[in-house]
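Structure, as structure tokens:
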Amino acid sequence: MPKSSRATLAQVAQLAGVSQAAASLILKGDSKVSFAESTVARVCAAAKYLGYITEESTATPGGIFEKKVLAIITPSIASYSYYSTIIQAIDQAANSKGFDTLCFQSYYEEAREMRCISYLLHSDIAGVIFTFTPHNLEWIVQISNQLPVVIFGNNDLDVPLDIVKTDNYGAGVMLAEHIIDLGHRRVAYLHSKSDRWGYPSSIRKEGVIDTFRRKCPSAELFVTEREWKGELELGMYGLSIKSGYEMTLECLNGPRDVTAIIANSDAAAYGVLQAIHEKGYSVPADYSVCGVDNLIQSSQPGIDLTTIEHHIWEKGLLAFRMLYRQICGANYSEPTGITTTEFTNELIVRGSTGPPGR
């Protein structure tokens, strides 16, 4: 929907996906009715995008940021994080071109995402990078008509945006094949459960399960799950490590006599290693352990983790280049148009995996 110099309430409602009456009540701030936080944020963002101003509203002045500032919206900037590595790469690449960065954490919540976008619309921000797949892709496509946008997503994502893609299914396949080829037949997969479409751990789980069914149907694969919601990180540090630790204790204390544990991330695998060592076992003699991400800590002595390299740092650098191309337009040396890039996964075999020892 193109922006109009005289936006109407009907246009705001259509873009936000609500009724005209609901949009009117939200923009008036009527205290007698209540709406979901995500709905309120979506309507306010639509009004800002279209330039719609009510008599009851107070317009936020534009120009609060310089054109040499770009925004990063990310689920989390926690340490030992896939996302913190991406953010660092984006920031360094941006600084090399004279840009500063501003980071917002969404915790995978749509309302937070929409609030972040509301802050940015009608500002002089240069562009925005989502280090994940946003909730409302249709809305993000609309925003990209006004603001340069780059997103991250799974390799099957198909929207008219610049996308840095990851093959999460293929990562699960690689880990499962490695563990099967080593001879393991009783294996645990530690899964962060989320009802969010496209959540990386869920897609990796599908790759692991399908590979065991196809390549070794007689093997026993046990999926241990922890429900994951973004707000859990608001009051906790090191959630992924803690989850990996707790799920591993379930495996070790329960009746399942597994010989290998596949963690949904390197950070979760650190918790796996901690639990195994606390119980007096060794890796890989008693248990093989592997993760996904190849974080910088994973190659350190005492961790030496088998993992999947999907080029996190390079993805951050690429995301900025994609955004920079949009910002500079025809003045940039690369051709314009929608760009999607996927890096090839690589299995990094280290000392945490080996043949079954028990």
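Just so you know, residue 1 is the first one in the sequence shown, and it goes up from there. The figures here come from the full heavy-atom set of this structure, side chains too, leaving out hydrogens, waters and symmetry mates.
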**Asked** When rounded to the nearest 0.5 angstrom, what is the spacing between CG in D167 and NE2 in H310?
**Response** 10.0 Å
**Request:** State the CD1-CD1 distance between I151 and I73, to the nearest 0.5 angstrom.
**Result:** 12.0 Å
**Asked** Would D156 and Y169 satisfy side-chain hydrogen bond (donor to acceptor under 3.5 Å, both in side chains), going step by step from the backbone distance to the final call?
**Response** CA-CA 10 Å; D156 59 354; Y169 184 89; over 6 Å; no
**Message:** If you define the side chain from C-beta out and look only at heavy atoms, does anything of Q274 sit under 4.5 Å from T248?
**Reply:** no
**Message:** Assess the residue pair E177 and R214 against the criterion (salt bridge (Lys or Arg N to Asp or Glu O under 4.0 Å)); give the C-alpha distance rounded to whole Å, side-chain angles, the decisive distance to 0.1 Å, and a yes or no.
**Reply:** CA-CA 10 Å; E177 289 180 339; R214 171 180 53 82; 3.4 Å; yes
**Item:** S19: side chain to side chain contact (heavy atoms under 4.5 Å, CB included) partners, not counting sequence neighbours
**Value:** A21, A22
**Request:** Check the hydrophobic clustering (I, L, V, M, F, W, Y; side-chain heavy atoms under 4.5 Å; chains of links allowed) and say if F320 and I125 are grouped together.
**Result:** yes
**Asked** Any chance NZ of K215 has more than 12 other-residue heavy atoms, nucleotides or ligands included, within less than 6.0 Å?
**Response** yes
**Complete:** Note: with side-chain heavy atoms under 4.5 Å as the link, the other cluster members for W313 come out as L317
**Message:** With rounding to the nearest 0.5 angstrom, report the CD1 to CD1 distance, I72 to I90.
**Reply:** 4.5 Å
**Message:** Tell me every residue that passes side chain to side chain contact (heavy atoms under 4.5 Å, CB included) with S282, counting only those two or more places apart in sequence or in another chain.
**Reply:** A285, D286
**Distance-only polar pair, side chains of T306 and H178, donor-acceptor under 3.5 Å** = no
**Prompt:** Any side-chain donor paired with an acceptor under 3.5 Å for Y270 and S298?
**Reply:** yes
**Close side-chain approach of L249 and K279, heavy atoms under 4.5 Å** = yes
